[in-house]
Amino acid sequence: LPEQHSPSIYLAGEVTPFIEQALLSAGYQLTTVTKDENGNYSFPELQPEVIYLLSGVKAEQWPEGPKLIISPSAGGPFEVREKKELDYRLTQTDDAPMLTYTDGSNVYLEQAFPVGNWQGLKPLVQSGDQTVIAKGMFREDPMIFFAFDFTHSDWPLHPGFPVLLANSIAELADKEGSLGYYSPGETTEINLAATTNEAVIEQLDGGERQQVDIGLSEVTMPEKPGIYRLQEKTDSGSRYRYFAVQLDSEERTSETAASFALKGQGEEEKKTQLSKQEIWRIFAAIALLILFIEWEVYRRGITSR
């Protein structure tokens with residue numbers, strides 16, 4: 001698979017020190033993006049291995065690329081409304097890898113922003129019927145959406161807080177390049193962009209090609225081990241993500257077997273080779289006889305002189 005590097009994190013908006021320290025402790029390189037004289041954020045040009053963490057940044061200023069949205073501003077395509085008090089404890093609605101080692105049920109969250117249009121993002125954590133964490137694809141870029149401000153929660157005081165942020169960054173980075181490793185024929189859930197018109201799984205050497213039903217959330221991986229890529233075709237171009245299909249370690253373990261020998265040639269081949277050898281010997285004997293006769297004639301001629 002393509003080599004995976006630790007992504008650079010670009011911070012913009014009112015990012016709390018808790019978030020910065022959690023990401024620094026995870027070994028990420030942080031870059032703070034400032035506003036220009038017009039009050040707009042000066043994001044660098046789109047480049048690989050960069051993830052944007054945006055807190056309170058208006059949607060019209062969001063850059064292209066994978067994004068972690070925290071404490072969203074009001075309005076925008078997600079129709080974010082003013083924050084309100086929550087009446088229920090947090091419950092996890094999906095077994096997403098980014099929530100591993102994070103127990104949201106013990107977290108206190110006082111307020112969250114109601115979202116009128118989630119733009120197809122998948123709910124991960126809810127308070128009653130109100131979604132507070134979601135993920136998915138937005139405008140062909142992976143996104144994780146935290147519809148609250150961490151200053152209204154005791155989450156930064158929990159041991160799982162740095163793990164939550166590190167897992168979120170890893171989730172966004174993984175969506176950009178690699179889908180990971182799978183077993184032959186394994187069925188798994190893969191999020192396709194909402195603008196995908198056609199999706200194809202193809203082996204890098206061109207040996208396998210499999211059409212993906214974009215109407216289904218689950219995809220069955222190829223049976224043949226190898227390196228593959230998932231191609232998503234949209235009106236604006238194609239997007240590629242790579243993955244590997246490999247056997248389980250038990251199936252790759254070699255076993256000792258009795259020694260064996262290849263069978264000899266068939267009787268017909270043996271007879272053919274024997275007949276060729278006999279003809280060669282006859283010609284060799286005739287040639288030797290001719291040489292002997294010539295030598296004898298030559299010897300007698302020398303003796304008679």
Side-chain angles (χ1 to χ4, degrees), residues 7-35 41 51-59 61-63 66-76 78-94 96-115 118 121-136 138 142-173:
S8 299
I9 313 299
Y10 281 74
L11 309 179
E14 300 175 358
V15 181
T16 65
F18 292 108
I19 294 176
E20 293 189 32
Q21 290 301 321
L23 294 175
L24 288 173
S25 65
Y28 290 108
Q29 178 182 353
L30 306 182
T31 301
T32 300
V33 180
T34 58
K35 293 183 178 180
Y41 290 98
I51 292 175
Y52 300 95
L53 192 153
L54 312 176
S55 179
V57 179
K58 295 182 178 180
Q61 297 189 34
W62 290 353
K67 290 177 282 291
L68 177 58
I69 306 298
I70 299 175
S71 184
S73 61
F78 287 86
E79 302 175 10
V80 179
R81 299 188 292 271
E82 292 297 326
K83 55 190 173 184
K84 70 173 187 177
E85 303 287 334
L86 298 180
D87 299 325
Y88 301 93
R89 299 177 61 182
L90 300 183
T91 57
Q92 183 175 329
T93 59
D94 185 84
M98 60 171 282
L99 298 177
T100 305
Y101 308 114
T102 301
D103 187 5
S105 61
N106 296 326
V107 173
Y108 170 73
L109 181 59
E110 180 184 10
Q111 300 175 341
F113 296 89
V115 176
W118 279 104
L121 299 187
K122 185 177 182 179
L124 300 182
V125 177
Q126 291 182 321
S127 173
D129 295 333
Q130 183 173 344
T131 299
V132 296
I133 300 179
K135 73 168 186 174
F138 176 68
M143 172 183 287
I144 296 177
F145 199 105
F146 288 81
F148 59 90
D149 192 331
F150 280 106
T151 58
H152 297 138
S153 172
D154 67 347
W155 213 326
L157 304 180
H158 288 250
F161 178 69
V163 179
L164 171 66
L165 290 181
N167 285 347
S168 299
I169 297 300
E171 179 87 5
L172 293 172

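Just so it is clear, the values below take in all heavy atoms, side chains as well, and ignore hydrogens, waters and symmetry mates.
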| said: If we check side chain to side chain contact (heavy atoms under 4.5 Å, CB included) with Y10, which of these qualifies: I51, L54, V33? | reply: V33

| task | Identify the residue among I19, I144, V57 that makes a side chain to side chain contact (heavy atoms under 4.5 Å, CB included) with I70. | result | I19

| Are the side chain of T32 and the backbone of L11 linked by a donor-acceptor contact shorter than 3.5 Å? | no

| remark: Paired with W155, the side chain to side chain contact (heavy atoms under 4.5 Å, CB included) test is passed by just one of L109, N106, L164, namely L164

| message | Looking at every non-hydrogen atom in both residues, tell me the closest pair between S73 and G56 and how far apart they are. | response | CB-O, 4.1 Å

| message | Please verify the inter-ring angle class for F78 with F138; under 30° counts as parallel, over 60° as perpendicular, anything in between as tilted. | response | tilted

| To the nearest 0.5 Å, what is the distance between CG (L90) and CG (L124)? | 12.5 Å

| Atom CG of L121 and atom CE of M143: how far apart are they, to the nearest 0.5 Å? | 6.5 Å

| said: Can you confirm whether more than 12 heavy atoms, excluding those of F18, are under 6.0 Å from its CZ atom? | reply: no

In a table with atom names and distances, give each donor-acceptor pair under 3.5 Å that connects a side chain of residues 81-88 to protein atoms at least two apart or in another chain.
{"unit_1": "K83", "atom_1": "NZ", "unit_2": "H152", "atom_2": "NE2", "d": "3.4"}
{"unit_1": "E85", "atom_1": "OE2", "unit_2": "Q111", "atom_2": "NE2", "d": "2.9"}

| remark: Tightest non-hydrogen contact, residues S25 and P162, listed as OG-CB, 4.4 Å

| Inter-residue atom distance F145.CZ - W118.CH2, 0.5 Å rounding | 5.0 Å

| request: Taking S71 for its side chain and F148 for its backbone only, find out whether a donor-acceptor pair lies under 3.5 Å. | output: no

| message | Let's go through Q92 and S105 carefully: what are the C-alpha distance in whole Å and the side-chain angles of both, what is the deciding distance for side-chain contact (heavy atoms from CB on, under 4.5 Å) to 0.1 Å, and is it a yes or a no? | response | CA-CA 8 Å; Q92 183 175 329; S105 61; over 6 Å; no

| query | Which pairs with one or both residues in residues 121-130 pass side-chain hydrogen bond (donor to acceptor under 3.5 Å, both in side chains), sequence neighbours excluded? | reply | D94-K122, K122-E189, Q126-T131

| Hey, does the side chain of S153 reach the backbone of F150 with a donor-acceptor pair shorter than 3.5 angstrom? | no

| said: Tell me whether the count of non-hydrogen atoms from other residues, nucleotides or ligands lying under 6.0 Å of CD in E110 goes above 12. | reply: yes

| request: Before giving the answer on side-chain contact (heavy atoms from CB on, under 4.5 Å), spell out for L53 and L23 the whole-Å C-alpha distance, their side-chain angles and the decisive distance to 0.1 Å. | output: CA-CA 11 Å; L53 192 153; L23 294 175; 3.8 Å; yes

| note | Output for pair (H158 NE2, Y108 OH), nearest 0.5 Å, gives 11.5 Å

| query | Taking all non-hydrogen atoms of both residues, which atom of S168 and which atom of F146 are closest, and how far apart? | reply | OG-CZ, 4.0 Å

| Set of residues satisfying side-chain hydrogen bond (donor to acceptor under 3.5 Å, both in side chains) with respect to T16, sequence neighbours excluded | none

| remark: Rounded to the nearest 0.5 Å, the CD atom of Q21 sits from the CG atom of L30 at a distance of 9.0 Å

| query | Rounded to the nearest 0.5 Å, how far apart are CG of L99 and CD of E171? | reply | 9.0 Å

| Looking only at heavy atoms, what is the nearest atom pair of A112 and V132, with distance? | CB-CG1, 3.8 Å

